[in-house]
Amino acid sequence: MSNTMEKESKMNISFSPPDITEAEINEVADTLRSGWITTGPKTKLLEKKVAEWIGTPKCVCLNSQTACAETSLRILEIGEGDEVITTAYTYTASASTIVHVGATIVMVDCQGDSLEMDYDALEAAITEKTKAIISVDLGGIPCDYDCIFSIVERKKNLFKPNNKIQEKIGRIAIVADGAHAFGATWHGKMIGSVADFTNYSYHAVKNFTTAEGGAMVWKHIDGVDDEEIYHLAQLLTLHGQSKDALAKTQLGAWEYDIVGTWYKCNMTDMAAALGLAQFERYPELLKRRKEIIEKYDSAFKPLGVEVLEHYTNEYTSSGHLYITRVPGISDQQRREIIIKMAEAGVVCNVHYKPLPMHTAYKKLGFDIKDYPNAYKHYENEITLPLHTKLTDEEVAYVVETYCQIVKEYIN
Ligand SMILES: Cc1ncc(COP(=O)(O)O)c(C=O)c1O
């Protein structure tokens, strides 16, 4: 880009601002005026809408994906002495939740040519202590669930259940980190109705937001009452209190019991209000993401930039992240490109610095040398802005800017 062009036409494009309209503002204002701002009718309505859309028996909305994932593990009574397998190429919450419940993280590298877990390594990592696999639908693209389910079926003979729910599942549980995957599909089924438990994030940078928030959904387990799971989730996430605040306001219903010294991570009705308004707009938001991805793909693929396939015959992604890899560049060159993009007004990001490169995971004994594929993918990875506040002109600007900068680095 020439300096004159740069000055005349420079845009400022942020990475992932929330898409908030008057509809969200009005719904939140309605909650503020209603006299009920914490968990109540709007949270329950959002749970109902999500469960219906995903096609699961129930849904539990909480204050984050992290809280939802922990709750799934606690419902399964996974804890000390148990192992849970996840990938090195993810955000910390996929793994830190395993530590939170007292279990041991077993971390698997990704594949040489894909950001998905190496499924052979996954199978090899299974022991008699393995109780769950946290699969990560990175960027909104579903994992290969056929493969994951066939692995846990093959390893059924090793499985020793801890509680009734695990016993009824009868094999290692699949607890999907669907933080990015709200609205994605796998073989025509919504992500959420594929794994045993799935946990979405509704954090401010996600496709669908409640500012902070998340939802846990699960597939019906034969021999387990879905209401029992729902009730247990309420207890685990609201102090172990036998009645929630709304139930206590009913006439004469002041008395409650504390049945466990548990956690506090419920969703507020203010957050749920935001979600209810987003929910009405979500099909349009997913469509817009697809349009942007198609524009990006048609510009970057011919250049030799590696991108993820978001839409195939097997699955449709929720289009959460536009992850690119520039073949042959070093970590240093990747950093240079990100700076040049920032100078041109386009904020980029990296997804992800593999977990074994972070201090906390080094302290736990993980070493990036054991995750060569994760490192290889990370080294030349650049994530471009992908969100529904982008105008067509801004999309064209990102395309033009990235193409011009990256061309200098591709042989
Ligand atoms: C892959 C992944 N898992 C889990 C989380 C945690 O989500 P939350 O912030 O809602 O707890 C995130 C958040 O960025 C994420 O990217």
Side-chain angles (χ1 to χ4, degrees), residues 15-18 43 46-47 50 59-74 84-101 105 107-108 110 114-117 132-143 174-184 191-192 195 197-217 233 236-237 263-268 271-272 274-275 278 308 310 317-323 349-358 360-361 374 377-378 381 383 385-387:
F15 184 73
S16 187
T43 305
L46 183 61
E47 289 178 343
V50 171
C59 163
V60 175
C61 283
L62 299 176
N63 69 7
S64 64
Q65 188 276 349
T66 307
C68 291
E70 280 184 36
T71 303
S72 303
L73 297 178
R74 291 198 171 103
V84 177
I85 305 176
T86 195
T87 168
Y89 207 86
T90 185
Y91 184 62
T92 183
S94 313
S96 61
T97 42
I98 302 169
V99 177
H100 297 179
V101 300
I105 305 170
M107 211 185 275
V108 167
C110 33
S114 150
L115 298 181
E116 274 183 56
M117 241 193 264
I133 294 168
I134 298 189
S135 51
V136 183
D137 300 324
L138 197 76
I141 297 173
C143 295
I174 317 296
V175 181
D177 178 339
H180 302 173
F182 190 50
I191 283 297
F197 286 80
T198 300
N199 298 298
Y200 309 113
S201 173
Y202 298 158
H203 175 263
V205 300
K206 299 300 190 291
N207 293 8
F208 176 101
T209 187
T210 57
E212 292 288 353
M216 174 182 90
V217 290
L236 282 166
T237 58
Y263 310 92
K264 177 66 164 58
C265 44
N266 50 313
M267 178 179 275
T268 68
L274 198 48
Q278 291 259 294
L308 304 183
H310 282 269
S317 157
S318 62
H320 178 57
L321 292 175
Y322 198 80
I323 285 179
N349 231 312
V350 173
H351 293 87
Y352 282 97
K353 182 169 164 182
L355 297 181
M357 295 179 74
H358 290 282
Y361 292 94
H377 292 307
Y378 153 76
E381 197 283 330
T383 316
L386 169 58
H387 56 81

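Both ligands and their constituent atoms are indexed starting at 1 by order of listing.
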Could you check whether any heavy atom of Tyr352 sits closer than 4.0 Å to an atom of ligand 1, since that is the contact criterion I want to use? yes

Got Met107 and Pro356 here, is their nearest side-chain heavy-atom distance under 4.5 Å? yes

Shortest protein contact, atom 3 (N) of ligand 1 (heavy atom only): Asp177 OD2, 2.6 Å

Which atoms of ligand 1 are found less than 4.0 Å from any heavy atom of Thr66? 6 (C), 8 (P), 11 (O)

Spatial distance of atom NZ (Lys353) from atom OH (Tyr361) [nearest 0.5 Å]: 13.0 Å

Which residue and heavy atom of the protein sit nearest atom 12 (C) of ligand 1, plus the separation: Tyr91 CD2, 3.4 Å

Any N or O on His180 sitting closer than 3.5 Å to an N or O of ligand 1? yes

With heavy atoms of Ala93 as the reference, note each atom of ligand 1 found under 4.0 Å away. 4 (C), 5 (C), 6 (C)

Heavy-atom distance to atom 13 (C) of ligand 1: which of His203, Lys206, His351, Glu70 wins? Lys206

Going through the distances and angles, do Glu381 and Thr383 end up as a side-chain hydrogen bond (donor to acceptor under 3.5 Å, both in side chains)? CA-CA 7 Å; Glu381 197 283 330; Thr383 316; 2.8 Å; yes

A student checking ligand 1 against Gly213 at a 4.0 Å heavy-atom cut-off should list atoms 10 (O)

Would you please classify the geometry between the Tyr89 ring and the Tyr352 ring as parallel, tilted or perpendicular, with 30° and 60° separating the classes? perpendicular

Under the side-chain contact (heavy atoms from CB on, under 4.5 Å) criterion, do Asn266 and Asn63 qualify, and how do the steps go? CA-CA 5 Å; Asn266 50 313; Asn63 69 7; over 6 Å; no

Nearest non-hydrogen contact with atom 10 (O) of ligand 1 belongs to which option: Ala67, Gly214, Ser201? Ser201

Would one find an N or O of Gln65, backbone or side chain, under 3.5 Å from an N or O of ligand 1? yes

Check: Tyr200 ring centroid to Phe208 ring centroid under 6.0 Å: no

Would you check, one step at a time, whether the test side-chain contact (heavy atoms from CB on, under 4.5 Å) holds for His180 with Leu321? CA-CA 8 Å; His180 302 173; Leu321 292 175; 3.8 Å; yes

Going by the order shown, which atoms of ligand 1 are within less than 4.0 Å of some heavy atom of Ala179? 2 (C), 3 (N), 4 (C), 5 (C), 12 (C), 15 (C)

Given side-chain contact (heavy atoms from CB on, under 4.5 Å), test Thr71 with Phe197 step by step and report yes or no. CA-CA 10 Å; Thr71 303; Phe197 286 80; over 6 Å; no

